[in-house]
Amino acid sequence: MIWKKYGKSMMFMKNQENKIKVCVIGGGPAGMMAAITAAENGASVTLFEKNKSQKQMESERFFDNAYLGKKLLITGKGRCNVTNDCSLDEFMKNVPVGAKFMYASFSAFTPQDVMNFFENGGTPLKVERGNRVFPVSDKSIDILRVLKRKLFENNVKVINRKVCDVIVRDGVFCSVVAEGMGELFFDRCIVATGGASYPQTGSDGDGYRFSEKLGHTVKEIKPSLVPLVSHDKACRDMMGLSLKNVTLSVIDNKKNKVIFKEMGEMLFTHFGMSGPLVLSASSHMRDMEEGRYSVSIDLKPSLDEKTLDARLLSDFNKFINKNMDNAMAELLPSKMIVPFLNKCGIKKEQKPNSLTKQERRTILETLKNFRIDILGFRPVDEAIITSGGVSLKEISPSTMESKIVKNLYFAGEVVDVDAYTGGFNLQIAFSTARLAGINAAQYI
Ligand SMILES: Cc1cc2nc3c(=O)[nH]c(=O)nc-3n(C[C@H](O)[C@H](O)[C@H](O)COP(=O)(O)OP(=O)(O)OC[C@H]3O[C@@H](n4cnc5c(N)ncnc54)[C@H](O)[C@@H]3O)c2cc1C
């Protein structure tokens, strides 16, 4: 690359291949999309991904053998909820951190654009409940295949090596140091190293370390979409029990306010609670501290209090000579009955006909409001999403270029944007990557 100075601004002159040389760090959805876009826009692109299979240890591979998108493959339980077929307004409501920042990139590459990208690439999609978009095949590999094919068609060079360092000279990106390859020079660099969750997939926070070293502020890393820890003995007693079609509400005890309410599926574990409903609920608990949040489970959301009371009377009448744990058998899963009665302060040996009116009222209220206090989150490596990351104040939202280091760009989860479940996080990865790829390939 030849440099020429024009006053204060730097001008790129075309290199021998007539192309800007872009390197992308990270072969996740953001890195792959950024690499494809930069190449489509005329750049010569090299994509570094640190994951490698044993065979690939010996040499770099190209296209089919490239080891990419390890996390992408496990998204949506292997089905990949690739985006959400929603409007800009709807998207903004689902991005609790960084919605305003996302405006430009979302507008540049909308969910419809993402859907066209994959469908035109040969993977038909379908829209499910809540506008969640999945491949018709229900296989995330079909999403990865499109990305890999486009990398190949656009001559992106894939190197399965870890980038150990990013080097900047005089405030301008200069080179990267890749494992076993030394210092390699490029004109532009896109950091798409992901967050810090599920580190076994390769995203273990390298991007945060590079960015801090280069002078960026990294907002505190916290787990989001993560299982919840509770010391309530009921959780341990019900370990392994999965509840379907219950309504879970989150109560902010400090504000005495319900901040989340949704119906779905959840699971009790040895540490507390997990499952889709709990993960979604966790992303609304923004100021986690002991005692701050409780959850309330409506175990019978389709029955109002009057109908439920009639049902209780009928069941207790039917099982009049049985113990309470038997009398509840048609109302609750067996694993839940004793912990439930403990919460109500009712002995399992008690007979239904000895219940006081107040005790029956307590059972009714507990069925509608099974309360569990939350102690905290499980660690970030168990989270679906990392909340926090490179500060948005230091990135241009219209180009994704660093405001601190020239020719350095960011894409995907490494930046301080995060969203609720529903395909919004992959949309963030694709939109930011598209914008970073377009701009990193531009001559100035
Ligand atoms: C279990 C699970 C299920 C999920 N399901 C969904 C879903 O259905 N829908 C949805 O929208 N979101 C989902 N997500 C979130 C989604 O996977 C992420 O938002 C998305 O993968 C972020 O993309 P990314 O490219 O920024 O980062 P990543 O996918 O984390 O990719 C980053 C890549 O960079 C590589 N890398 C890191 N450091 C280096 C380095 N130094 N050198 C070279 N390479 C490096 C990593 O190995 C990794 O491959 C899920 C997440 C998890 C954990």
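Note that ligands are numbered from 1 as they come in the structure, with each ligand's atoms numbered from 1 the same way. For reference, positions follow the sequence shown, starting with 1.
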Asker: Is the terminal nitrogen or CZ of K162 (NZ for Lys, CZ for Arg) located under 6.0 angstrom from the six-membered ring centre of F48 and within 45° of that ring's axis?
Answerer: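 Relative to the ring axis of F48, which defines the angle, K162 lies outside at least one limit.
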
Asker: I need the nearest protein heavy-atom contact for atom 42 (N) of ligand 1: residue, atom name and distance, please.
Answerer: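 I find the closest protein heavy atom is V163 N, 3.0 Å.
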
Asker: Could you tell me the residue and atom name of the protein heavy atom closest to atom 34 (O) of ligand 1, and the distance to it rounded to 0.1 Å?
Answerer: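 Of the protein heavy atoms, G26 CA, 3.1 Å lies nearest.
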
Asker: Could you check whether atom NZ of K403 has more than 12 heavy atoms from other residues, nucleotides or ligands sitting under 6.0 Å from it?
Answerer: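 Atom NZ in K403 is crowded, with more than 12 foreign heavy atoms closer than 6.0 Å.
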
Asker: Go through the steps to decide whether K150 and E153 satisfy the test salt bridge (charged side-chain N to carboxylate O under 4.0 Å, His left out), and finish with yes or no.
Answerer: CA-CA 5 Å; K150 297 250 181 193; E153 284 167 2; 5.1 Å; no

Asker: Quick one: which ligand 1 atoms are inside 4.0 Å of a heavy atom on G194?
Answerer: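 Selected atoms, number and element: 26 (O), 27 (O), 30 (O), 32 (C).
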
Asker: Does a donor on one side chain and an acceptor on the other come within less than 3.5 Å for D206 and T193?
Answerer: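 Result is no, nothing qualifies.
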
Asker: Show which atoms of ligand 1 fall inside a sub-4.0 Å distance from at least one heavy-atom site of I74.
Answerer: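 Those qualifying, in numeric order: 1 (C), 3 (C).
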
Asker: Looking only at protein heavy atoms, which one is nearest to atom 11 (O) of ligand 1, and how far off is it?
Answerer: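 Nearest protein contact, heavy atoms only, for atom 11 (O) of ligand 1 is L426 N, 2.8 Å.
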
Asker: For a 4.5 angstrom cut-off between non-hydrogen side-chain atoms, does N154 reach V45?
Answerer: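 No. Closest side-chain heavy atoms not under 4.5 Å.
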
Asker: For atom 23 (O) of ligand 1, what's the nearest protein heavy-atom neighbour? Residue, atom name and distance, please.
Answerer: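 Result: P29 CG, 3.4 Å.
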
Asker: Could you give the distance from CG (N116) to CG (D113), rounded to the nearest 0.5 Å?
Answerer: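 Spacing of CG (N116) from CG (D113) equals 6.5 Å.
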
Asker: List the closest protein heavy-atom neighbour of atom 13 (C) of ligand 1: residue, atom name, distance to the nearest 0.1 Å.
Answerer: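 Protein heavy atom with the smallest distance to atom 13 (C) of ligand 1: T75 CG2, 3.8 Å.
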
Asker: Apply salt bridge (charged side-chain N to carboxylate O under 4.0 Å, His left out) to the pair D165 and K213, showing each step before the final yes or no.
Answerer: CA-CA 9 Å; D165 206 359; K213 198 202 99 184; 2.6 Å; yes

Asker: Under a 4.0 angstrom heavy-atom cut-off, which atoms of ligand 1 come close to Y198?
Answerer: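 Those qualifying, in numeric order: 1 (C), 53 (C).
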
Asker: Return the option from K71, M33, E49 holding the heavy atom at the smallest distance from atom 48 (C) of ligand 1.
Answerer: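 When every heavy atom of K71, M33, E49 is considered, E49 comes closest to atom 48 (C) of ligand 1.
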
Asker: Residue-level breakdown please: for T201 versus ligand 1, do any non-hydrogen atoms fall below 4.0 Å on the side chain, on the backbone, on both, or on neither?
Answerer: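 Contact part for T201 vs ligand 1: backbone (N, CA, C, O).
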
Asker: Taking N or O atoms only and a 3.5 Å limit, does A30 qualify as a polar contact for ligand 1?
Answerer: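 Between A30 and ligand 1 (N or O atoms, distance only) the closest approach is under 3.5 Å.
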
Asker: Can you report which non-hydrogen protein atom sits closest to atom 31 (O) of ligand 1, along with the distance?
Answerer: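 Going by distance alone, atom 31 (O) of ligand 1 is nearest to G28 CA, 3.3 Å.
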
Asker: So for atom OH, which belongs to Y103, do other residues, nucleotides or ligands contribute more than 12 heavy atoms lying within a distance under 6.0 Å?
Answerer: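 12 or below, so no.
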
Asker: What's the shortest distance from atom 30 (O) of ligand 1 to any protein heavy atom, and which residue and atom give it?
Answerer: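 For this ligand atom, the closest protein heavy atom is S203 OG, 2.9 Å.
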
Asker: Counting heavy atoms not belonging to M239, are there more than 12 under 6.0 Å from its CE?
Answerer: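 No.
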
Asker: Which atoms of ligand 1 have any heavy atom of G202 under 4.0 Å away?
Answerer: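 Those atoms are 37 (C), 46 (C), 47 (O).
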
Asker: Could you list the residues that satisfy ring pair (Phe, Tyr, Trp, His ring centres under 6.0 Å) with F106, not counting sequence neighbours?
Answerer: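 F106 satisfies ring pair (Phe, Tyr, Trp, His ring centres under 6.0 Å) with F91 only.
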
Asker: Hey, is ligand 1 close enough to K50 that some N/O pair sits below 3.5 Å?
Answerer: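 Yes, there is a polar N/O contact under 3.5 Å.
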
Asker: If you count every heavy atom of other residues, nucleotides or ligands that lies below 6.0 Å from K368 atom NZ, does the total exceed 12?
Answerer: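 It does: K368 NZ has more than 12 such atoms within range.
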
Asker: Just let me know how T193 lines up against ligand 1, side chain, backbone, both or neither, with a heavy-atom cut-off below 4.0 Å.
Answerer: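 Both of them.
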
Asker: Backbone, side chain, both or neither: what part of I428 comes under 4.0 angstrom of ligand 1, heavy atoms only?
Answerer: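 It is neither part, as no heavy atom is under 4.0 Å.
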
Asker: Return the set of residues passing ring pair (Phe, Tyr, Trp, His ring centres under 6.0 Å) with F260 (not counting sequence neighbours), or none when no residue passes.
Answerer: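 Listed in chain order: H284.
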
Asker: Heavy-atom distances under 4.0 Å are what count here, so tell me which part of E413 touches ligand 1: side chain, backbone, both or neither.
Answerer: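 For E413, backbone and side-chain atoms both sit under 4.0 Å from ligand 1.
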
Asker: Would S197 count as a contact of ligand 1 if the rule is a heavy atom under 4.0 Å away?
Answerer: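 In this structure, S197 fails to qualify as a contact of ligand 1 - no heavy atom is under 4.0 Å.
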
Asker: Quick test: of every protein heavy atom, which one is nearest to atom 1 (C) of ligand 1, and how far off is it to 0.1 Å?
Answerer: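 Looking at atom 1 (C) of ligand 1, the protein heavy atom closest to it is I384 CD1, 3.6 Å.
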
Asker: Apply the side-chain contact (heavy atoms from CB on, under 4.5 Å) test between E212 and each candidate in V390, T217, V218; give the one that qualifies.
Answerer: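 The single option meeting the side-chain contact (heavy atoms from CB on, under 4.5 Å) with E212 is V218.
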
Asker: Should you measure from each heavy atom of G412, which atoms of ligand 1 turn up under 4.0 Å away?
Answerer: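 Here the atoms of ligand 1 in question are 26 (O).
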
Asker: Please list, in number order, the atoms of ligand 1 under 4.0 Å from a heavy atom of N51.
Answerer: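 Within the 4.0 Å cut-off of N51, ligand 1 contributes 47 (O), 49 (O).
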
Asker: Please could you name the atoms of ligand 1 that I385 approaches to less than 4.0 Å, counting only its heavy atoms?
Answerer: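 It comes down to these atoms of ligand 1: 15 (C), 19 (O).
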
Asker: Using a 4.0 Å heavy-atom cut-off, which part of C164 comes near ligand 1: side chain, backbone, both, or neither?
Answerer: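 Looking at C164 and ligand 1, no heavy atom falls under 4.0 Å.
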
Asker: Could you say whether the N/O atoms of D204 and ligand 1 ever approach to under 3.5 Å?
Answerer: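 There is no such contact.
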
Asker: If the test is salt bridge (charged side-chain N to carboxylate O under 4.0 Å, His left out), which one of R286, K219, K222 qualifies with D418?
Answerer: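 Result for salt bridge (charged side-chain N to carboxylate O under 4.0 Å, His left out) with D418: R286.
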
Asker: For ligand 1, which atoms sit closer than 4.0 Å to a heavy atom of G76?
Answerer: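 Matching atoms, with element in brackets: 3 (C), 4 (C), 5 (N), 6 (C), 7 (C), 8 (O).
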
Asker: Look at ligand 1 and say whether L72 reaches it with a heavy atom at a distance under 4.0 Å.
Answerer: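 No.
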
Asker: Just wondering, more than 12 heavy atoms not from K126 lying within 6.0 Å of its NZ?
Answerer: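 More than 12 within 6.0 Å, yes.
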
Asker: Are any of the side-chain heavy atoms of R434 and S105 separated by less than 4.5 Å?
Answerer: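 Heavy-atom side-chain distance check fails, nothing below 4.5 Å.
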
